[in-house]
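In what follows, a single structure is set out as C-alpha cells and then discussed.
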Number of protein chains: 2
Amino acid sequence: MSDPTGDEPGFALPLLLFAGFRTLIDRLHAELAAQGHPDLRPAHGFALQAIGRAGATASELGRRLGVSKQAAGKTADRLEALGYVERVDDSHDARRKVVRLTPRGVDALVRSAQIFEELRAEWAAALGAQRLRDMEAGLRAMTPGNFFRLDAPGWFTG
Amino acid sequence: MSDPTGDEPGFALPLLLFAGFRTLIDRLHAELAAQGHPDLRPAHGFALQAIGRAGATASELGRRLGVSKQAAGKTADRLEALGYVERVDDSHDARRKVVRLTPRGVDALVRSAQIFEELRAEWAAALGAQRLRDMEAGLRAMTPGNFFRLDAPGWFTG
DNA sequence: TAGAATCGTCAATGTGGTTGTCGAAAAGGT
DNA sequence: ACCTTTTCGACAACCACATTGACGATTCTA
C-alpha cells in the first residue's frame, strides 16, 4: 500500500515459507490423529519416510536423515515403542539389525501420502492449478536439487 | 484425479516449502557467521526478533514465542551468555526483569534484516519480481493471517 | 591372516522444551 | 486499608533430540 512496489519486506519470505510448511504439517498430523495415529509427531513422520518400505539399518537411517547413527538408533527406539517399526536380525550380517515398518507403520505412510494429495488439491483449488505449479517450480529452482534429505530435527538448534 | 499435466506429488509441496525456508535461513546464518556472529543459531534469531528493540520480560517473550516462560527464560540465559541480551531491573515493578538487546544484539538484528533483503532480491532476480510476489501472495492466502508468531522450536517434536 | 572399516550400543553432555512449585510483588475487590 | 488473586522470575525434575567418544563384535579387504 504505502510501499510503491508493494513488495513484501525481505524477512517475510522465510516466514511465509515456514508458515506454509507448518500449516501443511499441522493439518497432516491433525488428520493422522483423527485416523488412528495420535502419537505420531512430525519428526517421526520424517523418520518413517526415511526408513521406507524396504527398511534400513540405524546407520543407514542416520545417513539419510543427516544425523548420527546413535541419534537414529534412539529415534528407532521410540518408533519401536510406539509400534511403528520392528527390528529384525540380518541373516547375512550378524552386525546389522534392520529397522522395518510394521503394518501400522505402513498404514501411517499410506495415509500420509493420501492426505498430502488432498492438501495439495486444496491448494490447487484455492490458488489455481497453474499458480501452484508456478510456486512449486519456483521453489524447486531456488533450492538445492537433491533436497530429499529429510534432516529437519536438530538443524534448528545446532 | 490423474495427472496428465505432470503435477508434483502431494508430499513434495511441504518438502519444497521447507527446503526454501531452510535454504534462506542457512544462507542468513552463513552470512551472519561471516559478519561476526558465528555463534548465533536459527532459534536465537527468532528469539532476538521476538525480544525486539523495546525489550521484553521472560514471560512476555514466552507468550510471543508460544513457549512457557521457563523455556523463554532459559533462552534468554543462553543469549545473555553469548552477549546478545542483558537483564535490567524494572524500576516500576520489582518483579520484572526486562531482557534488552545489547549493542551486539542490535547489530545482529540489523544485519539480519539487511541480509534478508539481499536474499529476497536474489530470488526476485532469478524468478522475476512478479513471480516472487505471486508466490508470497499465494502463501499469504494459504496461511493463517497473523502468522507473526515466531514459534518454531519445540513444535516439531511436540 | 592381519588390519581396517562398519554395526549397534553405552555413556556423558548440551540445548530446548515441559510441568509443578514457590516466594515476592503488584493489582483488584469489598 | 485489607485480603485475595494474579503475575513475575526462579528452582527442580523430567523428557526429547541431538552431539562426541569409546567399545566389542563382525565383516571386508589388501
Side-chain angles (χ1 to χ4, degrees), chain A residues 22 29 39-48 50-51 55-82 84-100 149-158, chain B residues 22 29 38-51 55-82 84-100 149-158:
Chain A
R22 181 176 167 155
H29 282 278
D39 296 330
L40 217 49
R41 308 260 83 239
H44 299 152
F46 276 68
L48 286 181
I51 292 168
T57 65
S59 293
E60 176 58 24
L61 181 58
R63 280 189 290 267
R64 290 184 195 167
L65 291 174
V67 301
S68 64
K69 60 181 181 178
Q70 294 91 333
K74 280 199 207 172
T75 299
D77 288 344
R78 272 166 247 120
L79 286 173
E80 192 172 24
L82 290 171
Y84 286 96
V85 304
E86 59 189 354
R87 283 190 165 89
V88 232
D89 289 335
D90 186 328
S91 53
H92 297 309
D93 187 337
R95 297 169 305 177
R96 289 161 49 97
K97 288 184 184 170
V98 177
V99 178
R100 191 194 308 169
R149 188 168 149 187
L150 295 314
D151 54 349
W155 157 76
F156 211 74
T157 73
Chain B
R22 181 175 167 156
H29 283 277
D39 295 330
L40 217 48
R41 309 261 83 236
H44 300 151
F46 277 68
L48 286 181
Q49 195 75 44
I51 292 168
T57 65
S59 293
E60 176 58 25
L61 180 58
R63 279 190 290 267
R64 289 184 196 168
L65 291 175
V67 301
S68 65
K69 60 182 180 178
Q70 293 89 336
K74 280 198 206 175
T75 299
D77 288 345
R78 186 104 194 86
L79 286 173
E80 192 173 23
L82 289 171
Y84 285 96
V85 304
E86 59 189 353
R87 282 188 165 90
V88 283
D89 290 333
D90 186 328
S91 53
H92 299 307
D93 187 338
R95 297 169 306 177
R96 289 161 49 95
K97 288 184 183 170
V98 177
V99 179
R100 189 190 308 169
R149 185 167 154 191
L150 295 315
D151 54 348
W155 158 77
F156 211 73
T157 72

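A note on names: the letters A, B, ... follow the listed sequences, proteins ahead of strands, and every chain is numbered from 1.
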How long is the line joining [atom1] of [X] and [atom2] of [N], in whole Å?
X: B:Leu61; N: D:dT7; atom1: CG; atom2: P; answer: 18 Å
X: B:His92; N: D:dC8; atom1: NE2; atom2: C1'; answer: 17 Å
X: A:Asp77; N: C:dA11; atom1: CG; atom2: C1'; answer: 15 Å
X: A:Phe46; N: D:dC17; atom1: CZ; atom2: P; answer: 13 Å
X: A:Asp89; N: D:dT27; atom1: CG; atom2: P; answer: 12 Å
X: B:Lys69; N: D:dA10; atom1: NZ; atom2: C1'; answer: 9 Å

Task: Option from B:Arg95, B:Arg96, B:Lys97 for which side-chain contact (heavy atoms from CB on, under 4.5 Å) with B:Asp89 holds - done: B:Lys97

Do any side-chain nitrogens or oxygens of [X] fall under 4.0 Å of OP1 or OP2 in [N]?
X: A:Arg78; N: D:dC17; result: yes
X: B:Arg41; N: D:dA18; result: no
X: A:Ser59; N: C:dC7; result: yes
X: B:His44; N: C:dG16; result: yes
X: B:Thr75; N: C:dG17; result: yes

Task: Contact nearer the 5' end of DNA chain C, comparing A:Lys74 with A:Arg96 - done: A:Arg96

Open item on the list: If you assign each of B:Ser91 and A:Glu60 to its closest nucleotide in DNA chain C, which residue comes earlier from the 5' end?
Closed with: A:Glu60

Task: Side-chain touch B:Asp39/B:Arg78, heavy atoms, less than 4.5 angstrom - done: no

Open item on the list: Is any side-chain heavy atom of A:Val85 closer than 4.5 Å to one of A:Ile51?
Closed with: yes

Open item on the list: Taking the nucleotide of DNA chain D with the nearest heavy atom to each, does B:Gly73 or A:Ala71 sit closer to the 5' end?
Closed with: B:Gly73

When you measure from the side chain of [X], which nucleotide among [options] comes out closest?
X: B:Gln70; options: C:dT21, D:dC17, C:dA26; answer: C:dT21
X: A:Asp93; options: C:dG8, C:dC7, D:dT27; answer: D:dT27
X: A:Arg95; options: C:dC10, D:dC8, C:dT6; answer: C:dT6
X: A:Lys97; options: D:dT20, D:dC11, C:dG8; answer: C:dG8

- [ ] Might you point out which heavy atoms bring B:Leu65 and B:Ala50 nearest each other, and give the distance in Å?
- [x] CD2-CB, 3.8 Å

Open item on the list: Checking the side chain of B:His29 only, and the main-chain atoms of B:Leu40 only, is there a donor and an acceptor separated by less than 3.5 Å?
Closed with: yes

